[in-house]
Amino acid sequence: MEEVQKKRMLSGIQPSGDLHLGNYLGAIKNWADRVNDYECFYFMADLHTITVRQDPSELRKRSVNQLAQYIACGLDPEKNVLFLQSHVPAHSQLAWVLNCYTMFGELSRMTQFKDKSAKYSNNINAGLFTYPVLMAADILLYQPDYVPVGEDQKQHVEICRDIAIRFNSIYGDVFKVPEPLIAKTGARIYGLTTPGDKMSKSVPDGCVFLMDSPDDIRRKFKRAVTDSDRENCVRYDKEAKPGVANLMNIYSTLTGKTMTEIESEFAGQGYGVFKPAVGDAVVEALRPIREEAERLMKDKAYLDEVYRKGAEKASYVAGKTLRKVYKKVGFYQI
Ligand code: TRP
């Protein structure tokens with residue numbers, strides 16, 4: 001039987017902090033299954049993080065701990081190519097070339113640049129401005145079919161496509177023009193104390209981190225915001241009771257139960273029973289992930305080896321594209 005070539009997928013993740021329940025249920029949980037249908041490349045985008053000031057030892061720690069957490073969530077390094085961006089020099093090398101095929105005007109229109117330069121007004125560095133060019137290099141080096149990203153990165157994938165099309169129109173078909181893949185599946189999890197906003201590490205009280213202890217998780221759920229009408233009844237009403245709806249959504253995602261089933265399970269029992277039950281379900285779901293991540297984080301030799309092998313595989317693919325680009329633009333080959 002003829003083997004069908006799988007489509008390729010690539011995405012970058014900033015090693016910018018601890019992963020939380022929203023990241024897990026909203027995205028990472030579904031990634032493990034993708035390997036059946038796609039050839040997947042994932043990298044930690046450490047080059048991108050320094051567009052805002054980082055503490056060097058923190059960045060170093062996070063770059064390897066985050067790898068451990070992703071593996072513990074089910075991302076298998078034998079089946080996916082997992083690597084660190086700064087381990088593959090081709091990213092920086094192609095970024096320079098692409099800088100010369102990207103217009104000042106188009107970069108000026110990027111909403112993330114406008115947002116970040118307002119937020120970090122004392123450090124509007126050139127890297128912040130050319131951030132999308134490095135991202136285009138990240139992508140185009142691997143000739144992927146799809147780039148799964150959040151809604152906030154869609155504009156960056158679009159500029160990447162524009163750069164690829166511009167380059168191809170001058171030099172022939174050098175780059176595959178990738179499609180953004182904006183995740184529609186996966187649960188949308190809100191903060192436990194701020195059910196109007198997505199769960200975020202910037203509100204730690206309402207954010208359940210994958211590495212939180214069972215006690216911390218239970219405490220956060222006990223303090224979760226429910227509703228203001230004091231109805232004290234587990235009923236799914238996203239408009240009137242967003243806090244309760246969020247807890248039900250978490251519970252449903254973890255147990256596979258429908259909203260109706262959850263309503264009857266807790267009929268007549270109130271939030272005092274419901275909130276700890278959700279907390280317990282989360283504790284049990286996260287327990288194996290936390291234990292595996294803790295084990296891996298102690299095994300530096302293993303993690304280094306994953307990164308070493310990942311960089312080797314990535315460099316092979318990236319190197320082919322980079323050589324082609326160097327040749328096309330006229331760099332003298334020896
Ligand atoms: N900019 C992306 C983010 O902040 C991370 C990223 C860097 C990325 N390079 C990429 C995502 C390439 C997809 C493809 O989320």
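In listed order, ligands and their atoms are each counted from 1. When reading the values below, keep in mind they use all heavy atoms of this one structure, side chains included, and skip hydrogens, waters and symmetry mates.
- With a 4.0 Å cut-off on non-hydrogen atoms, V149 touches ligand 1 through its side chain and not its backbone.
- Among protein heavy atoms, the minimum distance from atom 13 (C) of ligand 1 is reached at G12 N, 3.4 Å.
- Taking every non-hydrogen atom of F43 and a distance limit under 4.0 Å, the qualifying atoms of ligand 1 come out as 9 (N), 10 (C), 12 (C).
- R34 and Y146 share no side-chain donor-acceptor pair at under 3.5 Å.
- Of all the listed residues (H91, M44, H48, M9), H48 holds the heavy atom that lies closest to atom 7 (C) of ligand 1.
- Residues K300 and D304 are paired through a salt bridge, judged by an N-O separation under 4.0 Å between the basic side chain and the carboxylate.
- The side chain of V147, and not its backbone, has at least one atom closer than 4.0 Å to an atom of ligand 1 (non-hydrogen atoms only; side chain from C-beta on).
- Remark: the Y171 side chain and the Y101 side chain contain an N/O donor-acceptor pair separated by less than 3.5 Å.
- Atom 4 (O) of ligand 1 has Y131 OH, 3.1 Å as its closest protein atom, hydrogens excluded (heavy atom only).
- Using a 4.0 Å cut-off between charged side-chain N and carboxylate O, K61 and E58 make a salt bridge.
- Remark: the Q54 side chain and the R62 side chain contain an N/O donor-acceptor pair separated by less than 3.5 Å.
- Side-chain atoms of Y271 and E231 include no donor-acceptor pair closer than 3.5 Å.
- Checked for salt-bridge contact, E312 and K309 miss the test: no charged N lies under 4.0 Å from a carboxylate O.
- The protein heavy-atom contact nearest to atom 9 (N) of ligand 1 is D138 OD2, 2.7 Å.
- Under 4.0 angstrom from ligand 1, there are no non-hydrogen atoms of L134.
- In the vicinity of I139, heavy-atom distances shorter than 4.0 Å reach the ligand 1 atoms 12 (C), 14 (C).
- Only the side chain of Q153 comes within contact range of ligand 1, with a heavy atom under 4.0 Å; no backbone atom does.
- Ligand-side atoms of ligand 1 in range of Q14: 4 (O), range being under 4.0 angstrom from any heavy atom.
- With sequence neighbours excluded, the residues that form a side chain to side chain contact (heavy atoms under 4.5 Å, CB included) with A277 are F266.
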